[in-house]
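As the structure lists them, so they are numbered: ligands from 1, and atoms in each ligand from 1. Just so it is clear, the values below take in all heavy atoms, side chains as well, and ignore hydrogens, waters and symmetry mates.
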Amino acid sequence: MEERVLREISRLDSFPAYVYDLPGLAEHAARIRAEFPHEIFYAAKANPDPEILRALHPHVDGFEVASGGELQHVHRAVPGARLAFGGPGKTDEELALAVRLGVERIHVESVRELAHLPGADVLLRANLPFGVDGAALAMSGPFGMDELELRRCLSLLPDDIRLRGFHAHLASGLDVEELLKVQRQVVEWAAEFAPEEVNLGGGMAVDYGDPLWRFDWKSYAAGIPDVPFRLRIEPGRAMTAYHGWYVTDVLDVKRTRGETYAILRGGTHHLRTPVTKGHDQPFTVFGDRGHSGTATLVGQLCTPKDVFASRVPVRNLAPGSVVAFDMAGAYAWNISHHDFLMHPHPAFHYVT
Ligand SMILES: *Cc1c(COP(=O)(O)O)cnc(C)c1O
């Protein structure tokens, strides 16, 4: 953990809290920018905090939004930023808003959407059958259009819509080789249509079991084939996961049926990530006495699912110890069910 983050954590006077390291995030994004020579749109749904968006803004080409709410929010938070609007089930009002705001690209998910996009620049979202075995989440199902439906969409394309190419976000949580395997197939498939551009989506892995591991952007960039059209990606998790912490204190430590539990203020309604992904959230304990050995870290919710980390090695856990959960910068606060049990919301702190 960077000195500036430790200092911010040591200054916290109430828990739970979120701490975001904005200089660290900017540096991380700048490195990705330097190593990846194609367009990068940050997928705002990973973490749409306005400070995060503003820290990323100088280091990305634009932002991908997935709802009318995100569209308005990002439009306001980073005025003038280039935007792409995707996502299934867009309402007529959302499509009209995107047209009115002059969103640069709209990712069309179905033939129905075509009727609501006069004057728009669009990518057709493809649902392609490419192997995504290693994926944490395969984005097939209702997303985009299969080959038949894409051809129907192409044949029905109104004159007042500019078709720029295709979009394919086929999986999440992939390592370099797995991601390249899928994306090479996408690129090869798309080349037949001679598009102006192809958006390859996001899905770059992070490893919650190894907070120091990083997706290898250089090897990824090197593995992307040379193509006569523009390429764009939309990373979310791998962009923002590393620069947020959920910090809270221990209320109680107890043994029940041979197991040690540390009960922390707050819970997974503030940091849902370990529950949704089924991992132990990595953490650091700040304390100088108390239980060392193995423990299960839980929150205050009245459900056995409120577990941050299960039977993990710990040192110095006692009431009053502070626990900072790492890798809480993406799909953390904003995917959590904040109001379950009506605990106070965490305060947000920004290292600047
Ligand atoms: C969620 C999403 C992303 C970002 O995915 P990550 O796994 O966070 O990189 C990109 N594009 C689309 C269409 C998405 O739905």
Contact with ligand 1 for H167, non-hydrogen, under 4.0 angstrom: yes
Going by the order shown, which atoms of ligand 1 are within less than 4.0 Å of some heavy atom of [X]?
X: P235; result: 9 (O)
X: G236; result: 4 (C), 6 (P), 8 (O), 9 (O)
X: E64; result: 13 (C)
X: G203; result: 5 (O), 6 (P), 7 (O), 9 (O)
X: E234; result: 3 (C), 4 (C), 10 (C), 11 (N), 12 (C), 13 (C)

Of all heavy-atom pairs between Y20 and N47, which one has the smallest distance, and what is that distance? OH-ND2, 3.2 Å
So which bit of [X] gets within less than 4.0 Å of ligand 1, heavy atoms only: side chain, backbone, both or neither?
X: R237; answer: both
X: M239; answer: neither
X: A43; answer: side chain

When you compare ligand 1 with Y331, is there at least one nitrogen or oxygen pair between them that comes in under 3.5 angstrom? yes
Is the shortest N/O to N/O distance between S172 and ligand 1 below 3.5 Å? yes
Please confirm whether the ring centroid of [X] lies under 6.0 Å from the ring centroid of [Y].
X: F308; Y: F283; result: no
X: F130; Y: W189; result: no
X: F63; Y: F41; result: no

Verdict with supporting geometry, L56 and V78, side chain to side chain contact (heavy atoms under 4.5 Å, CB included): CA-CA 10 Å; L56 288 175; V78 274; over 6 Å; no
Salt bridge or not for K181 and E178, using N-O below 4.0 Å? no
R164/E197 ion pair, N-O < 4.0 Å: no
The residue among H345, H349, H270 that forms ring-ring contact (aromatic ring centres under 6.0 Å, His included) with Y246 is H270
